[in-house]
Amino acid sequence: MIWSLVKILFFIGIAAALAYGAGFIIETPGEVRIAFNGQERTLTPLGGLIGLVVLMAVVWIVLKIAGFCVAVVRTMLGDSTALMRYLDRNRERKGYDALSQSLTALAEGDNRKAQTKAQKAEKLLNKPELTTLLSAQAAEANGNRARATELYKTMLSHDKSRFIGIKGLLKQQLETGSTETALKLAEKAFALNPRNTGVVDTLFDLQSKTSDWAGARSTLAAKVRASTLPRDVGKRREAVLLVAEALGARQEGKDAQSRDAAYQANRISPDFVPAAALAGALYNEADEPRKTAKVIKKAWATAPHPDLAAAFAGIAPNETPGARLSRFGELIKLNPEHPESRMVAAELSLAAEDFPGARRALGDLAETDPTTRSLAIMAAIEKGEGAPDTVVRGWLAKALTVPRGEAWICSNCNHIHGEWQPLCENCNAFDTLGWTRPTETAQSDSVAAAMLPLIIGAIEDNTEDEAGAVEDEPEGWETGEPEPESQREKPELDVAEIRAAANS
């Protein structure tokens with residue numbers, strides 16, 4: 001709007017200046033005399049100006065005719081392309097002028113003019129990789145999607161423009177959400193130019209979203225070869241793809257393929273927890289406990305994780321709590337100060353009803369680094385040692401306000417996942433899940449809802465005890481004698497209920 005007003009004002013200014021100049025020349029006294037070959041002509045100032053303009057035009061025409069005649073003579077003398085070069089030179093100049101005007105109009109947002117000038121340039125220039133692409137982009141900007149698609153398809157017939165045409169069609173398919181067609185186009189574009197970073201990234205994303213893990217691995221290898229991705233990052237992502245392939249094969253019942261992919265992922269990245277946990281579980285299914293222990297121990301030394309503990313427990317699923325506590329000692333000592341090691345040791349001691357041992361294993365973790373899980377373990381310890389319900393309720397109440405602890409969280413959108421996945425279920429980003437803590441410190445409603453019955457149940461039990469205190473008091477209560485130790489009923493410990501609440 002403002003630019004149009006500026007152009008109108010500029011045109012009016014030019015017209016006013018010309019009118020003023022013409023009036024000034026007409027009113028100027030004097031004459032112009034031209035003498036040539038004994039003849040003399042007298043003109044007014046305005047006539048002299050017009051004559052000068054006519055003379056310049058005649059000179060330009062004469063030069064053009066002379067150039068054309070020279071091209072004809074050279075053609076007659078044997079230069080068969082002289083006349084064609086002369087004509088093409090003029091066409092190219094006009095074509096590039098139209099191309100420049102189209103680009104300028106496209107940048108200014110004048111889509112209609114951009115499309116018109118692009119069509120003119122397309123007629124004058126024999127460069128479809130430039131003119132057809134510009135025409136397609138102008139058509140897209142003008143809302144003529146069908147015309148743009150037609151132009152992109154036209155570009156497929158020329159070697160110089162085939163790659164650009166495929167990229168244009170690929171962009172359209174991605175915008176409409178046609179993943180299957182877009183994947184085929186991306187594969188063709190990759191075959192034509194495997195070093196194009198944009199095409200490689202697009203192909204990799206499409207292969208990941210369609211669970212084409214083998215194809216994604218090939219594309220990833222091409223990225224590493226082209227030095228567009230560091231080798232260490234490439235190895236990590238290859239392990240991610242192999243784990244994804246193993247999980248998919250396992251769901252389809254392809255056990256051999258699943259094992260091969262999982263074992264290879266673990267060899268490539270031994271400290272990658274999902275790979276180690278899956279490899280350990282598959283070794284357990286194959287009844288190879290030594291290999292399971294080796295894989296889990298190597299990963300645990302770097303990054304202790306509940307999934308690794310579960311795989312290590314699967315080596316002997318039917319062992320007694322005491323035997324499991326003893327066997328896990330070898331694993332825990334590899335990284336004894338890690339919070340996961342301390343909590344696992346405390347949970348195993350709880351299962352073995354070794355409450356003092358559980359307290360020693362947990363140490364001061366509930367005070368120095370409180371999480372829902374560590375406080376729930378502390379509540380179980382207190383309950384197992386016969387502490388009053390008020391103490392147990394106190395720990396459980398604290399658990400409602402502390403961080404929930406580590407979880408699989410997407411670094412791209414901060415979405416929390418229940419289990420590891422190669423793609424974020426919220427934003428579809430690849431390899432963005434990490435075992436970290438949520439940014440918010442407040443507990444989720446699900447955790448509060450899971451733990452509230454424990455607190456309410458404890459309160460209700462306490463209320464009932466107070467209501468029936470007169471009837472149930474043992475002999476000697478009037479004299480204040482303490483109840484014999486043998487008659488005290490220790491509170492029943494439900495470790496599974498508390499752990500379920502902590503892991504919600």
Side-chain angles (χ1 to χ4, degrees), residues 140 145 149 152 163-226 228-254 257-258 260-262 264-265 268-269 272-275 277-278 407-436:
E140 282 184 331
R145 187 180 184 86
T149 303
Y152 284 133
F163 177 74
I164 302 174
I166 293 176
K167 280 195 67 178
L169 294 172
L170 172 60
K171 177 185 175 184
Q172 287 187 331
Q173 296 301 319
L174 290 173
E175 290 175 351
T176 58
S178 302
T179 305
E180 185 176 350
T181 306
L183 178 58
K184 293 179 180 178
L185 289 170
E187 289 173 348
K188 291 181 179 179
F190 177 73
L192 290 174
N193 190 352
R195 289 186 172 273
N196 186 283
T197 305
V199 169
V200 174
D201 291 341
T202 300
L203 177 60
F204 183 82
D205 290 341
L206 290 171
Q207 289 170 331
S208 300
K209 291 176 182 177
T210 55
S211 300
D212 182 10
W213 308 119
R217 287 174 57 200
S218 299
T219 306
L220 181 68
K223 292 180 69 174
V224 174
R225 286 195 301 269
T228 58
L229 189 70
R231 289 192 174 274
D232 55 341
V233 178
K235 289 181 64 176
R236 151 82 185 202
R237 292 187 177 177
E238 185 179 4
V240 172
L241 292 172
L242 285 167
V243 173
E245 183 179 347
L247 291 173
R250 195 180 191 189
Q251 291 179 351
E252 297 174 2
K254 301 176 181 178
Q257 181 180 345
S258 177
D260 291 343
Q264 186 177 352
I268 292 174
S269 184
F272 183 43
V273 170
L278 180 59
W408 290 114
I409 302 175
C410 174
S411 60
N412 188 48
C413 66
N414 293 323
H415 183 71
I416 301 175
H417 297 71
E419 57 184 14
W420 179 87
Q421 298 176 14
L423 296 176
C424 173
E425 62 186 15
N426 184 55
C427 66
N428 279 330
F430 175 78
D431 189 25
T432 55
L433 269 64
W435 186 250
T436 57

Going through the distances and angles, do R236 and D232 end up as a side chain to side chain contact (heavy atoms under 4.5 Å, CB included)?
-> CA-CA 6 Å; R236 151 82 185 202; D232 55 341; over 6 Å; no
Criterion side chain to side chain contact (heavy atoms under 4.5 Å, CB included) on D201 and K223, from CA distance to verdict = CA-CA 9 Å; D201 291 341; K223 292 180 69 174; 2.9 Å; yes
Does any pair with a residue in residues 416-425 pass salt bridge (charged side-chain N to carboxylate O under 4.0 Å, His left out), and if so which ones, sequence neighbours excluded?
->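 Qualifying pairs, neighbours excluded: none.
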Which side-chain N or O atoms in residues 165-172 pair as donor and acceptor under 3.5 Å with protein atoms at least two apart or in another chain?
unit_1, atom_1, unit_2, atom_2, d
Q172, OE1, T149, OG1, 2.8
Q172, NE2, E140, OE2, 3.3
Q172, NE2, T149, OG1, 3.3

Closest heavy-atom pair and its distance - [X], [Y]:
X: G234; Y: L220; result: O-CD2, 3.5 Å
X: A265; Y: A239; result: CB-O, 3.7 Å
X: V224; Y: R231; result: CG1-NH1, 3.6 Å
X: W213; Y: S208; result: CH2-O, 3.5 Å

Taking only distance into account, with no hydrogens and no angle test, what donor-acceptor pairs under 3.5 Å do side-chain atoms of residues 190-199 form with protein atoms, sequence neighbours excluded?
unit_1, atom_1, unit_2, atom_2, d
N193, OD1, R195, N, 3.4
N196, OD1, G198, N, 3.2
N196, OD1, V199, N, 3.0

With C424, the side chain to side chain contact (heavy atoms under 4.5 Å, CB included) member among N412, L433, D431 |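 It is L433, the one option of N412, L433, D431 that forms the side chain to side chain contact (heavy atoms under 4.5 Å, CB included) with C424.
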For a 4.5 angstrom cut-off between non-hydrogen side-chain atoms, does [X] reach [Y]?
X: C410; Y: H417; answer: yes
X: E245; Y: Q257; answer: yes
X: V243; Y: L278; answer: yes
X: Q264; Y: D260; answer: no

With sequence neighbours excluded, residues passing ring-ring contact (aromatic ring centres under 6.0 Å, His included) with F204 |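 ring-ring contact (aromatic ring centres under 6.0 Å, His included) list for F204, sorted by chain: F430.
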Can you name the residues that form a ring-ring contact (aromatic ring centres under 6.0 Å, His included) with W435, not counting sequence neighbours?
->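 H305, W408.
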I416 CD1 to N426 CG distance, which is reported to the nearest 0.5 Å =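 Here the interatomic distance stands at 11.0 Å.
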Between CG of L206 and OG1 of T219, what distance do you get to the nearest 0.5 Å?
->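 That separation rounds to 10.0 Å.
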Donor-acceptor under 3.5 Å (T432 side chain, S411 main chain) |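 It does not hold such a pair.
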Apply side chain to side chain contact (heavy atoms under 4.5 Å, CB included) to F272 and L242, showing your working.
-> CA-CA 12 Å; F272 183 43; L242 285 167; over 6 Å; no
Pairs under 3.5 angstrom only: tabulate donor-acceptor contacts from the side chains of residues 178-189 to other protein residues two or more places apart or in another chain.
unit_1, atom_1, unit_2, atom_2, d
S178, OG, Q173, OE1, 3.3
S178, OG, T176, OG1, 3.3

